[in-house]
Amino acid sequence: MIGQETQKRIAVFASGSGSNLQVLLDRAAEGTLGGAQVVLVVCDKPEAKAVSRAEQAGVPVLVVIPKEYPDKASYEARILEELRSKQVDFIVLAGYMRLVGPTLLEPYRGRILNLHPSLLPNFPGKDAIGQALEAGVPHTGVTVHFVDEGMDTGPVIAQETVTIEDKDTKESLTQKIQAVEHRLLPQVVSDYARGQIRVNGRTAEYLK
Ligand code: GRF
């Protein structure tokens with residue numbers, strides 16, 4: 001049983017369907033996320049399904065629309081204000097389609113995890129699944145990594161390979177990748193919440 005004092009408070013950022021957000025919400029609710037709870041969902045698209053998933057789970061949602069702010073720093077300052085008021089310990093980017101800028105990165109450096117649908121450093125950036133299909137490689141996969149200032153360049157925490165078969169389409173490969181994501185992401189978030197992962201320079205280390 002994890003004591004109250006070790007419970008981590010998480011914010012999940014999402015821009016789209018939020019299926020990974022849903023897994024984190026479910027695991028937190030059933031108490032199998034390393035004692036962590038999701039205390040805030042941040043979404044940059046008001047119409048995203050992620051918003052209704054958070055509402056359904058009774059978790060506060062901050063919808064922030066970038067074009068309503070004069071620049072990225074003030075947009076992220078609004079998010080930071082909410083993170084601080086909710087005493088967020090760490091952030092999980094689960095399909096958040098924006099590069100994190102210094103306003104958020106500096107106060108949370110080493111405490112922001114990102115999920116990416118490829119075996120980084122292969123196929124960073126947008127449409128990683130399409131990039132892998134286009135390249136004709138036999139394998140792609142899923143990466144969870146710490147966020148730094150680059151595009152999908154931070155220290156890798158965990159990766160899992162997914163085989164690409166000749167018959168795979170974008171849809172079928174996306175399904176296979178998402179099935180892996182829904183298992184790998186909560187596992188890493190749980191391990192991190194328990195203090196089993198730390199950053200050492202460019203490397204993420206498991207302490208178990
Ligand atoms: C996931 O494939 C994730 O790797 C990528 O965006 C997708 C989000 O899916 N960064 P969902 O919104 O969690 O369903």
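Read the numbers this way: they start at 1 and go in the same order the structure lists the ligands and their atoms.
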For the ring pair F90 and Y192, is the centre-to-centre distance below 6.0 Å? yes
Measure the distance from [atom] to every protein heavy atom, then report the residue, atom name and distance (to 0.1 Å) of the closest one.
atom: atom 10 (N) of ligand 1; answer: L115 O, 3.2 Å
atom: atom 12 (O) of ligand 1; answer: G18 N, 2.7 Å
atom: atom 5 (C) of ligand 1; answer: P117 CD, 3.9 Å

Short list, please: which atoms of ligand 1 are under 4.0 Å from a heavy atom of [X]?
X: S19; answer: 11 (P), 12 (O), 13 (O), 14 (O)
X: E181; answer: 1 (C), 2 (O), 3 (C), 4 (O)
X: S17; answer: 12 (O), 14 (O)

Charged N-O contact under 4.0 Å between R202 and D148: yes
Do the side chains of D26 and R53 get close enough for a salt bridge, i.e. N-O under 4.0 angstrom? no
At a 4.0 Å cut-off, with the gap strictly under it, does some heavy atom of A14 reach an atom of ligand 1? no
Can a non-hydrogen atom of Q178 be found less than 4.0 Å from any atom of ligand 1? yes
So for atom [atom1], which belongs to [X], do other residues, nucleotides or ligands contribute more than 12 heavy atoms lying within a distance under 6.0 Å?
X: K176; atom1: NZ; value: yes
X: E47; atom1: CD; value: yes
X: E134; atom1: CD; value: no

Here's a test for you: under side-chain hydrogen bond (donor to acceptor under 3.5 Å, both in side chains), which of Q159, E181, E160 qualifies with T143? Q159
Considering G95, A50, S15 one by one, which has a heavy atom nearer to atom 8 (C) of ligand 1 than any of the others? G95
